[in-house]
Amino acid sequence: MAASAPLLTHATRMLVSLLLTGSALQAIASEPVTPIQVGTAVAKHGQVSRGEILIDAGSDSGYSIPVIVANGERPGPTLALIGGLHGAEFASIVALQKLSTQIDASRLSGRVIIVPLVNVAAFDAVARHLNPVDGKNINRVFPGSVSGTQSERAAYAVTTQVIDQANYVIDYHGGDIDEDQHPYAYWIQTGIAQLDASELDMLLAYGPDYIIKFAAAGLTVETAKLLPTQAVARGKPTITVDAGRAGTYTAADLATLIDGTFNVMASLEMLDRPVKAPKKPTYIERFIYVKSEGTGTFYPLAARGQHVRKGQKIGYVTDRYGMPSFDVVAPESAVVLYLNSTPSAVQGEQLFYLGVPAQGDATQRPAKFGGGT
Ligand SMILES: [Zn+2]
């Protein structure tokens with residue numbers, strides 16, 4: 001889509017949602033503005049409420065997930081903003097907490113559900129990727145199970161209490177302890193034209209430098225294990241956004257996440273402000289994990305956001321004594337989307353995440369998805 005193409009109107013978007021989901025139909029039928037409840041948070045029109053989604057104890061411990069709901073003065077769509085599936089991806093968690101304090105329900109059309117931190121145990125333990133309670137990656141166990149381990153019970157609660165109430169979803173990641181990232185976003189391509197187009201409109205409003213194409217045709221709620229694919233399988237246009245670095249963040253990372261989200265809200269006609277003109281993104285057709293040939297100490301020679309050439313030496317690894325072990329070489333010409341931000345190189349683990357930019361009309365040809373978020 002050309003950068004100057006008009007974004008879909010809210011009415012068109014709601015028609016798309018109506019065609020795709022029964023829950024959207026219920027949402028429209030309940031307009032103009034009815035109270036919204038998520039967990040213990042209940043907001044009438046014009047209100048913001050903070051509460052908890054309670055995860056009961058099961059085979060392991062229970063806990064509560066913080067949730068903020070904002071209910072506008074005027075009708076509109078329901079947008080869910082969900083972060084912290086990975087509890088050490090601090091940039092996205094901090095961004096959602098800050099964003100939630102900036103929502104003015106008196107100026108809002110529709111409803112916003114904000115879940116800044118799903119994986120509370122990982123945040124507290126500064127644990128990368130997994131939930132330390134059960135050792136699982138919450139972003140691999142959707143739609144979850146009410147009778148599963150803590151990660152599965154949390155995924156089930158997010159699916160049934162948050163995603164099912166939403167018309168649109170944004171999934172936030174980025175900046176885990178071992179990830180030094182250039183900000184980017186994923187476009188989940190289902191092959192369902194209206195759904196894919198609605199997601200692309202959200203992405204163009206969000207305005208990332210890089211849009212990674214993520215092929216996901218034939219999704220079902222039984223087989224879609226990631227939060228974003230599960231939400232898409234339920235007919236909700238969903239984007240995944242990433243920013244942050246090495247267990248911390250910069251003001252620019254927060255601005256990318258927060259300003260991008262508010263511009264998506266403007267594009268959905270939830271805010272009474274113009275939509276900022278979208279940047280022209282670079283589409284990533286394929287991505288490549290450059291994995292370590294052995295175990296040792298990693299020294300990068302390329303930075304996030306850097307374009308590297310095929311065959312270029314982009315890092316090296318030494319042994320336990322600091323003696324040269326092997327070089328790390330770019331297998332293709334690509335951009336560095338993120339690199340391992342720690343000196344720890346482990347055989348088979350990724351050192352670089354490279355994206356190969358698309359040629360020609362990049363909006364039409366989905367790539368195979370291989371992992372990522
Ligand atoms: Zn993540």
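Sorted by first then second residue, the salt bridge (charged side-chain N to carboxylate O under 4.0 Å, His left out) pairs that include residues 333-349, not counting sequence neighbours, number zero. The list of ring-ring contact (aromatic ring centres under 6.0 Å, His included) pairs with a residue in residues 295-321, not counting sequence neighbours, reads F298-F352, Y299-Y316. Screening residues 250-261 for side chain to side chain donor-acceptor pair (under 3.5 Å), with sequence neighbours left out, gives Y172-T261, R245-D253, T250-D253. Residue pairs satisfying the ring-ring contact (aromatic ring centres under 6.0 Å, His included) criterion with at least one member in residues 121-141, sequence neighbours excluded, are listed as follows: F90-F123. Residue pairs meeting the side chain to side chain donor-acceptor pair (under 3.5 Å) criterion with at least one member in residues 90-106, sequence neighbours excluded, are D104-S106. Pairs of residues two or more places apart, or lying in two chains, that qualify as salt bridge (charged side-chain N to carboxylate O under 4.0 Å, His left out) and include a residue from residues 318-336 are R286-E332, K313-D327. Among residue pairs with one or both ends in residues 295-308, those qualifying as salt bridge (charged side-chain N to carboxylate O under 4.0 Å, His left out) are D180-R304; sequence neighbours excluded.
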**OP:** Determine, stepwise, if the pair H173 / V241 fulfils side-chain contact (heavy atoms from CB on, under 4.5 Å).
**Re:** CA-CA 6 Å; H173 291 263; V241 300; over 6 Å; no
Notebook entry, point to check: Going through the distances and angles, do K279 and D209 end up as a salt bridge (charged side-chain N to carboxylate O under 4.0 Å, His left out)?
Noted result: CA-CA 7 Å; K279 288 189 285 190; D209 291 337; 3.1 Å; yes
Practice task
Go through the steps for L108 and M270 under the test side-chain contact (heavy atoms from CB on, under 4.5 Å), then give the verdict.
Solution key: CA-CA 6 Å; L108 178 69; M270 299 177 73; 4.2 Å; yes
Would V67 and I65 count as a side-chain contact (heavy atoms from CB on, under 4.5 Å) if you check the C-alpha gap in whole Å, the side-chain angles of each, and the deciding distance to 0.1 Å?
CA-CA 6 Å; V67 60; I65 298 172; 5.8 Å; no
Residues R309, S333; criterion side-chain contact (heavy atoms from CB on, under 4.5 Å); working and verdict
CA-CA 4 Å; R309 299 180 316 280; S333 296; 4.2 Å; yes
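Contact check for Y353 versus I212: side-chain heavy atoms found under the 4.5 Å cut-off. The closest side-chain heavy-atom distance from S267 to Y206 is not below 4.5 Å. Using a 4.5 Å cut-off on side-chain heavy atoms (C-beta onward), N119 and P132 make contact.
Scored by the side chain to side chain donor-acceptor pair (under 3.5 Å) test, S325 finds no partners at all (sequence neighbours excluded). E293 meets the side chain to side chain donor-acceptor pair (under 3.5 Å) test with no other residue; sequence neighbours excluded. Qualifying side chain to side chain donor-acceptor pair (under 3.5 Å) partners for S109, counting only residues two or more places apart in sequence or in other chains: R74.
For the pair T223 (side chain) and L219 (backbone), a donor-acceptor distance under 3.5 Å is absent. Not one N or O on the side chain of T238 forms a donor-acceptor pair closer than 3.5 Å with the backbone of E199. In this structure, the side chain of N340 engages the main chain of T342 through a donor-acceptor pair within 3.5 Å. A donor-acceptor contact shorter than 3.5 Å links the side chain of N167 to the backbone of T78. Between the E152 side chain and the T149 main chain, a donor and an acceptor come within less than 3.5 Å of each other. Put simply, the side chain of R153 gets close to the backbone of D56: a donor and an acceptor are under 3.5 Å apart. Checking side-chain atoms of K225 against main-chain N and O of E222 turns up a donor-acceptor pair under 3.5 Å. Of the possible polar contacts, none joining the E52 side chain to the T40 backbone as a donor-acceptor pair under 3.5 Å is found.
In this structure, Y210 places its OH atom where more than 12 heavy-atom neighbours from other residues, nucleotides or ligands lie under 6.0 Å away. In this structure, R273 places its CZ atom where more than 12 heavy-atom neighbours from other residues, nucleotides or ligands lie under 6.0 Å away.
Taken to the nearest 0.5 Å, the CD atom of E179 stands 8.5 Å off from the NE2 atom of H86. In this structure, CG on L271 lies 4.0 Å from CE on M265, to the nearest 0.5 angstrom. Distance check, rounded to the nearest 0.5 Å: CG of N131 to CG of L85 gives 10.5 Å. The CD atom of Q189 sits 11.0 Å away from atom CG of L195, with the distance rounded to the nearest 0.5 Å.
Grouping Ile, Leu, Val, Met, Phe, Trp and Tyr residues whose side-chain heavy atoms lie under 4.5 Å apart, directly or via other members, leaves V329 alone, with no other cluster members. In this structure, Y156 shares a hydrophobic cluster with V146, the cluster being traced through Ile, Leu, Val, Met, Phe, Trp and Tyr side chains under 4.5 angstrom apart.
One hydrophobic cluster, built from ILVMFWY side chains closer than 4.5 Å, holds both L117 and I55. In terms of hydrophobic clustering, with Ile, Leu, Val, Met, Phe, Trp and Tyr side chains grouped at heavy-atom distances under 4.5 Å, V42 and L79 are assigned to different clusters. Under the 4.5 Å side-chain heavy-atom criterion for ILVMFWY residues, no single connected hydrophobic cluster contains both I288 and Y186. No continuous path of ILVMFWY side-chain contacts below 4.5 Å connects I314 to I284, so the two sit in separate hydrophobic clusters. F214 and Y289 end up in the same hydrophobic cluster when Ile, Leu, Val, Met, Phe, Trp and Tyr side chains are linked at under 4.5 Å.
Heavy-atom minimum distance, D196 versus W187: O-NE1, 3.2 Å. Taking both residues in full, the closest heavy atoms of P35 and N71 are given as CA-ND2, 3.7 Å, listed atom of the first, atom of the second, then distance.
Under the side chain to side chain contact (heavy atoms under 4.5 Å, CB included) rule, V232 has a single partner from I188, I163, I239, which is I188.
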